[in-house]
Colleague: 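Structure below; questions to follow.
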Amino acid sequence: EGANVRGRGESAFPAKINLFRNDTLFIKIEATDFIFSASGLNSQKTAATLYLGTDSVYHSNLGFSFNSKSRRVSLSRTNNPVSRSPYYNTYHSLDMYFENLSWDMNSSQVIMSRPMGAAMGQALFESSTFFNSDDFLKLMGLDDYHPLSRLKNFSEWYYSETFPVSEFAKWMNKSEETTVGLCIDMANRGFVFYDDEKREVTIKKKTKDYIDSYAGKIDYDVLSIFSETKAPVDNALLDLTNNKITVNGVRNVFLSDSQSVAIYPYNQQIIIGKNREFKFDGVVRAGLFTFFGHDFQFNYDTFKIKLHKI
């Protein structure tokens, strides 16, 4: 195509681009279609995986571009409805919602932030075991059956966590288009992966956990970190030297609704480590008590805050 070269794969055997950092695979991009040009390469619909040791950050439907001159990699949401789904992060145990990810291959920082040229940026970092009973009931809407229960029950009936939408539609006795809409909505809420090329659904652990949390069978949390920033401040930076995420524009974080525990970080900044542990300077409010200080550390496993400098 003129000065451009098109590389093609198939849905069953997609074309792959591997990007390395310090001789180690860092980003894998899969697509059925890549366009190579003098300035770099791009694709409008890709599945992207960032590797953090044995863990990963994954998204099933993003736009991808690589600028060969600046050596900058960009992943961004597109107009495809599945692109609104979250990044699935197993290292920090988070579902991450933001518009644009960029990485200068000469840098040790990955930027998670607003669309290019936008003045404001919003991002959400939600615990993989987050649960809200009001949200659970709203999901049901006017239907006789809860959509998460339908997904779970069909998966068990089909003996697989991955299944075609066409079979799911027949099982529910609904049209395929209606079922596709349901699956896209559940993907955007972080409950499933949806492959619109193959028209396949893969259930995430969150689907079963949400059902069990509502039934009181397992513990859950309300950890949800919302970020809002103005240019030039980015929503979040992933430091590849230690895999910690610095999140900016955080006004507060609620840790427990039952015990009324919340934090209010100074400078509206927190630093997230592995499995949702995080550090901050600021204020902790717990019931009738309020603590002010620096170098506070939240440990998710014990669900306690160490107050080092009060």
Colleague: Cation-pi check for Phe191 against Lys206: NZ or CZ below 6.0 Å from the six-membered ring centre and within 45 degrees of the axis, yes or no?
Modeller: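 The answer is yes, since Lys206 meets both limits relative to Phe191.
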Colleague: For Ser70 versus Asp104, what's the shortest heavy-atom pair and its separation?
Modeller: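 Smallest heavy-atom distance, with atoms named: O-OD1, 3.9 Å.
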Colleague: Decide whether Asn22 and Thr24 meet the rule of one side-chain donor and one side-chain acceptor closer than 3.5 Å.
Modeller: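 Judged by distance alone, the side chains do not pair up.
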Colleague: Ignoring hydrogens and geometry, is there a side-chain-to-backbone donor-acceptor pair from Ser37 to Leu41 under 3.5 Å?
Modeller: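 No, Ser37 side chain to Leu41 backbone: no donor-acceptor pair under 3.5 Å.
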Colleague: Could you tell me how the ring of Phe36 sits relative to the ring of Phe34: parallel (under 30°), tilted (30 to 60°) or perpendicular (over 60°)?
Modeller: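 Judged by the thresholds at 30° and 60°, the geometry between Phe36 and Phe34 is tilted.
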Colleague: Below 30° counts as parallel, above 60° as perpendicular, anything between as tilted: where do the rings of Phe278 and Phe280 land?
Modeller: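 Rings of Phe278 and Phe280: tilted, as their planes differ by 30° to 60°.
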Colleague: State whether a side-chain donor-acceptor pair under 3.5 Å links Asp95 with Asn89.
Modeller: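 Asp95 vs Asn89: no donor-acceptor pair found between side chains.
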Colleague: When the aromatic ring centroids of Phe154 and Phe163 are compared, is their separation below 6.0 Å?
Modeller: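 Between Phe163 and Phe154, which both carry aromatic rings, the centre distance is below 6.0 Å.
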Colleague: Hey, is the main chain of Ala262 close enough, under 3.5 Å, to the side chain of Arg285 for a donor-acceptor pair?
Modeller: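 No, Arg285 side chain to Ala262 backbone: no donor-acceptor pair under 3.5 Å.
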Colleague: Does the side chain of Ser93 pick up a donor-acceptor pair with the side chain of Asn275 at under 3.5 Å?
Modeller: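 Yes - a donor-acceptor pair under 3.5 Å links their side chains.
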Colleague: State yes or no: are the ring centers of Tyr88 and Tyr58 separated by less than 6.0 Å?
Modeller: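 Ring centres of Tyr58 and Tyr88 not closer than 6.0 Å.
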Colleague: Does His146 form a ring-ring contact (aromatic ring centres under 6.0 Å, His included) with Phe136? I'd like the steps, not just the answer.
Modeller: CA-CA 9 Å; His146 199 284; Phe136 182 88; 4.0 Å; yes
Colleague: Please say whether the positively charged group of Lys28, taken as NZ for Lys or CZ for Arg, lies over the ring of Tyr51, i.e. under 6.0 angstrom from the six-membered ring centre and within 45 degrees of the axis.
Modeller: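 Checked: cation-pi criterion not met.
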Colleague: Are Thr162 and Ser160 close enough that a side-chain donor and a side-chain acceptor fall under 3.5 Å?
Modeller: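 Their side chains do not contain a donor-acceptor pair, so the 3.5 Å distance test is not met.
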Colleague: For the side chain of Asp195 and the backbone of Glu200, is there at least one donor-acceptor N/O pair under 3.5 Å apart?
Modeller: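 Absent.
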Colleague: Can you name the one residue among Lys174, Lys170, Glu167 that meets side chain to side chain contact (heavy atoms under 4.5 Å, CB included) with Thr179?
Modeller: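 That would be Lys174.
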Colleague: Strictly distance-based, threshold 3.5 Å: is any side-chain N or O of Ser227 a donor or acceptor partner for the main-chain N or O of Ala123?
Modeller: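 Side chain of Ser227 to backbone of Ala123: no pair is present.
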Colleague: Between Glu126 and Arg189, is there a salt bridge with N-O shorter than 4.0 Å?
Modeller: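 Answer for the salt bridge query: no.
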Colleague: Using the benzene-type ring in the case of Trp, are the ring centres of Tyr87 and Phe98 under 6.0 Å apart?
Modeller: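 Between Phe98 and Tyr87, which both carry aromatic rings, the centre distance is below 6.0 Å.
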Colleague: Can you find a heavy atom in the side chain of Phe125 that is under 4.5 Å from one in the side chain of His92?
Modeller: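 No; the side chains remain at least 4.5 Å from each other.
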Colleague: Quick one: salt bridge (Lys or Arg N to Asp or Glu O under 4.0 Å) partners of Glu277, sequence neighbours excluded?
Modeller: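 For Glu277 there are no salt bridge (Lys or Arg N to Asp or Glu O under 4.0 Å) partners, ignoring immediate neighbours.
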Colleague: Does one side chain, of Tyr300 or Asp221, offer a donor that lies under 3.5 Å from an acceptor on the other?
Modeller: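 Their side chains do contain a donor-acceptor pair, which is all the 3.5 Å distance test asks for.
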Colleague: Does a side chain donor of either Asn80 or Asp196 reach within less than 3.5 Å of an acceptor in the other side chain?
Modeller: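 Result is yes, a qualifying pair exists.
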Colleague: About how many Å separate OG1 of Thr246 and NZ of Lys279, when rounded to the nearest 0.5 Å?
Modeller: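 It comes to 10.0 Å.
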Colleague: Going by an N to O cut-off under 4.0 Å, is there a salt bridge joining Lys208 and Glu161?
Modeller: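 Yes, Lys208 and Glu161 are salt-bridged.
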Colleague: Has Asp239 got a side-chain atom pairing as donor or acceptor with Thr241's backbone, closer than 3.5 angstrom?
Modeller: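 The answer is yes, because a donor-acceptor pair under 3.5 Å joins these two groups.
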Colleague: Check for me whether the distance between the ring centres of Tyr266 and His294 falls short of 6.0 Å.
Modeller: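 Judged by ring-centre distance (under 6.0 Å), Tyr266 and His294 do meet the cut-off.
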Colleague: If the threshold is 4.0 Å, N to carboxylate O, is there a salt bridge linking Glu99 and Arg114?
Modeller: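 A salt bridge is absent here (no side-chain N lies under 4.0 Å from a carboxylate O).
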Colleague: Mind checking whether Tyr210 and Tyr220 have ring centres under 6.0 Å apart?
Modeller: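 Tyr210 vs Tyr220: aromatic centres not under 6.0 Å.
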Colleague: Under 3.5 Å, side chain of Asn61 to main-chain N/O of Ser83, donor-acceptor pair present?
Modeller: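 Not at all, since once roles are kept as given, no pair shorter than 3.5 Å links the two residues.
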Colleague: Can you confirm whether the side chains of Ser43 and Thr46 place a donor and an acceptor under 3.5 Å from each other?
Modeller: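 Their side chains do not contain a donor-acceptor pair, so the 3.5 Å distance test is not met.
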Colleague: Assess the side chains of Thr129 and Arg276: does a donor N or O sit below 3.5 Å from an acceptor N or O?
Modeller: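 On atom types as modelled, these side chains qualify, holding a pair under 3.5 Å.
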Colleague: Is it the case that the side chain of Lys244 and the backbone of Leu238 share a donor-acceptor pair, with hydrogens and angles ignored and the cut-off at 3.5 Å?
Modeller: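 Answer holds: no.
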Colleague: Do Ser56 and Thr90 come close enough that some side-chain heavy atom pair is under 4.5 Å?
Modeller: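 In contact.
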Colleague: Tell me if a side-chain donor or acceptor on His59 pairs with a main-chain N or O of Ser85 at a distance below 3.5 Å.
Modeller: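 Yes; judged by distance alone, with no hydrogens or angles, the pair exists.
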Colleague: Among Leu139, Val192, Asp209, find the one that has a side chain to side chain contact (heavy atoms under 4.5 Å, CB included) with Leu148.
Modeller: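 Exactly one candidate clears the test, Leu139.
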Colleague: Give a yes or no answer on whether the side chain of Asp185 reaches the backbone of Gly181 with a donor-acceptor pair at less than 3.5 Å.
Modeller: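 Flag not set: sc Asp185 to bb Gly181 has no pair under 3.5 Å.
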Colleague: Taking all heavy atoms of Asp219 and all of Ser213, pick out the closest pair and write down the distance.
Modeller: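 Looking at all heavy atoms of both residues, the shortest contact is O-OG, 4.3 Å.
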Colleague: What about the rings of Tyr158 and Trp171, do their centers lie closer together than 6.0 Å?
Modeller: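 Between Trp171 and Tyr158, which both carry aromatic rings, the centre distance is not below 6.0 Å.
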